[in-house]
Amino acid sequence: MKELPRVYDPKKVESKVYALWEKSGFFNPDKLPKTHKKPFSIVIPPPNITGSLHMGHALNTTIQDILIRQKRMRGYKTLWLPGTDHAGIATQNVVEKELKREGLSRHDIGREKFIERVWQWKERYGNIILDQLKKLGASCDWSKTRFTMDEDYQRAVKKAFLHYYKKGWIYQGERTINWCPRCQTSLSDLEIEYEEEQSNLWYIRYPLKNTQINTNKNFTPEPRRRTPIAEQSSLRGAASTLRGRQAWYGAGANQRKFIVVATTRPETMLGDSAVAVNPGDKRYKNLVGKMVILPIQNREIPIIADPLIDSEFGTGAVKVTPSHDLTDFEIGLSHRLKSYKVINEAGRMTGEAGENYEGLNIPECRQKVIEELTRSDLVEKIEPYSHRIAKCSRCGKTIEPLPSKQWFLKMEKLAKMAISACKSRQVKFIPKKWEKLYFNWLENIKDWCISRQIWWGHALPIWYCQIGKKSKIKNKKSKINRNKERYFISLEKPEKCPICGKCQPEQSADVLDTWFSSALWPFATLGWPIACAQNKKLKIKNKKSDIERFYPTDVLVTARDIINLWVARMIFSGFEFMKEKPFEEVYIHAIILTKEGKRMSKSKGTGIDPLSLIEKYGADATRFGIIWQETGSQDIHFGEEPIIAGKKFCNKLWNASRFVLQQISKSKIKNQKLNKNKLTQADRRILSKLNKVVDSVGNDLENYQFGKALRNLYDFFWHEFCDLYIEESKKQNDEKSRRILLYVLLSSLKLLHPFVPFVSEEIYQKLPKSHKKKSLMIEQWPSAPPLDRARRARSSNGVAKIKNQI
RNA sequence: GGGCAGUUGGCGCAGUGGUUAGCGCGCUACUUUGACAUAGUAGAGGUCACAGGUUCAAAUCCUGUACUGCCCACCA
């Protein structure tokens, strides 16, 4: 036999071994040996096509690969279904950036050309991330790769939309929603991130009706008094500060001239519809129902009482701007307030803001408003204030709440379904503590704004009649909405308009929230709805479709940040469309942070690229190092040291194997039983320790304790096998001990394979033919005799049963 | 404001009641012996955040404190 190199070189091995696996076909459940019957399936959390592998993916992928490889070796018919997500806004932004380098915007080339451009981009770059998963060793069935914008998938999405629509759960509404002025689209609450920012809290005087205010343009106000720090901290808000100032809170309401509101956004006062106080706030009791004059706009607005107001904040009186604040919108609804839209979709002031302000951007307008109010002596004071500003999670720009016509999905019943699925333990979170986050969101759910004003995504299957607005409707039976705008639902492009019978209807310009399509992932990828429709035919032929065989899937592996964004939505979608959970278990793994415990971020340069780790240390070492640090759902402060340990370990494994291979080449190893009586103390010890590790690793993997399993294996292999037994065998130097060497090595390779698949496979392939199958992937997972602690404790007799297996 | 984690040798972490608290990386000394110097052998290094309590026994259970991190929420 050719001498193996002294040092394990992953570069020479990995691509070769991966090619061997792909050629074997064993990634595909239907090409596994016939003995693999019981299905075990995982659908991958589809990475964005814009993504490139980061540490989170590496951890996520490695865990799934460990599960799949282990189950495959245990004889399951394993399917790990890969794919990618079209990632609406993210992808659109990337392509827009590309256009920008050419000096173009998407509007320059138009919608159709733009979408074409995105597809081109996808063809070129969209599968990069999947190739990167291959570098890690992922044993996905690539023949089943799916994309959330595949033709079949698009059909599934439309079907789902229609389903909800028929149930009456989809409706259109004018609401104040989160709007990103840069991405030019609505965003759901979950697509928003908050950033702490230093700003001010402005205290503004709103004159009560019938109060003269100084509108003299030449009036010079007294220098503004900054509230001394001591006073600020000793007093909660301004209420107490002002209490002493008879002018505002004096003995009788009659003496008051103003009500003071506190705000972080003075520019929105141009769109105020009311001033609100808490109903229980005694300070303002007599003012509720009175009118104030909104400065600048000189509009009469009421003082109202609403329980949403926190009387502890500021002065306890708050300006209400239904158009530009989500809470204010709610208040506006319940008090039937008029809504003034003073900021437009581009983040500029509208005509409604007044001609002096129209066209200004937010900071300009803010400054101008403050100047104007100061001139009229209506600024009570300005306090420095730090608060959290809503930012677009895709582009990082500040969110602007805006009133906008959007499509919503009613969440009440869906949320209930998702809650009961988990309460009844049909779907289990591991670790269980994450259920809390899930319940918390579902129990306080709002309807889901599913429309987005971008171009890249699933178009809403909604069509508008072009002249229907004017004509009367006669056909009442059709799915015609009777609002001002006439629209209908159609999965295909309609030949002619069912409403007016004449026009060429236009499809809605909106697309669906990316997560609407991701929510269908576990079953849409397996062929829903087409495969479900065909199931009857297949039954006659005694065949089963993928969806029948592999749905529900066994486990979903993901991180906590998308529990609500994605996991919850998959759960209710599964029940709604398949009448069945999408997965039994949800394993929530750690998040990988920098060594200092900070978020890894590309822009800050704190990220570590797993590909460079693979390049430097090899894929096995990278997997090893990541899993080594995975201990439950404790966040990982990522250090490179364990990867170095992984590299060393691979080398150790390689060299121990070299030794064993040398030994067994001395004489032919026969497959016959060991004579128990001839076993030495060391023989018994290693066999017993092997049994123990088989047992514990099996348990650890069942319980998703990957780091623990790996550490157990490491200790066993390095310290028990290499340090003790190999050294001992050198002394023994007989056939029996060589047989034990081979047996323990082979067992170790099997146990280690899910963790370090490349090196273990490479070594396996070097074993004598009589001792191996086509690939380590389909070797039988070792099994230890049933755990018998009592007996094992008494003596090292655990070896009794194992000898028959050698 | 609410919730959840964490605090163990230089660094990153295991360890959920019971012998001298372990591991990786690093460090010190010696060893190139015929698998491996990406190694072997030996070793240094920790009052297990702090304060109480439960117990025959606590890093481990309970209570509180401090610090750090994360998440959620309609503090405008």
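Heavy-atom basis, side chains included; hydrogens, waters and symmetry copies ignored. By convention in this document, chain letters (A, B, ...) are assigned in the order of the sequence lines, proteins followed by strands, and residues within each chain are numbered from 1.
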Validation row, ring centre A:Trp202 to ring centre A:Tyr385 under 6.0 Å: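 Ring-ring flag for A:Trp202/A:Tyr385: false, centres at least 6.0 Å apart.
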Please check if the distance between the ring centroids of A:Phe439 and A:Phe429 is under 6.0 Å.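 No.
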From C-beta outward on [X], which listed nucleotide comes closest to its side chain: [options]?
| X | options | answer |
| --- | --- | --- |
| A:His637 | B:C25, B:A76, B:C13 | B:C13 |
| A:Gln662 | B:G24, B:A35, B:C72 | B:A35 |
| A:Thr327 | B:C74, B:G12, B:A76 | B:C74 |
| A:Ala645 | B:G40, B:C25, B:A76 | B:C25 |
| A:Lys433 | B:U38, B:C4, B:C23 | B:C4 |
| A:Glu727 | B:A76, B:C36, B:G12 | B:C36 |
| A:Asn655 | B:C36, B:C13, B:A5 | B:C36 |

Is the distance from OP1 or OP2 of B:C36 to the nearest side-chain N or O of A:Arg6 less than 4.0 Å?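 Yes, A:Arg6 has a side-chain N/O under 4.0 Å of OP1/OP2 on B:C36.
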Using only heavy-atom distances, determine whether the side chains of A:Asp609 and A:His54 contain a donor-acceptor pair under 3.5 Å.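 No donor-acceptor contact under 3.5 Å links the two side chains.
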So what's the dot-bracket for RNA chain B: Watson-Crick or G-U pairs under 3.5 Å, [ ] if a pair crosses, | if it pairs off-strand? ((((((((.[[[[.)..(...]]]].(((((.......))))).....[[[[[..)....]]]]])))))))....
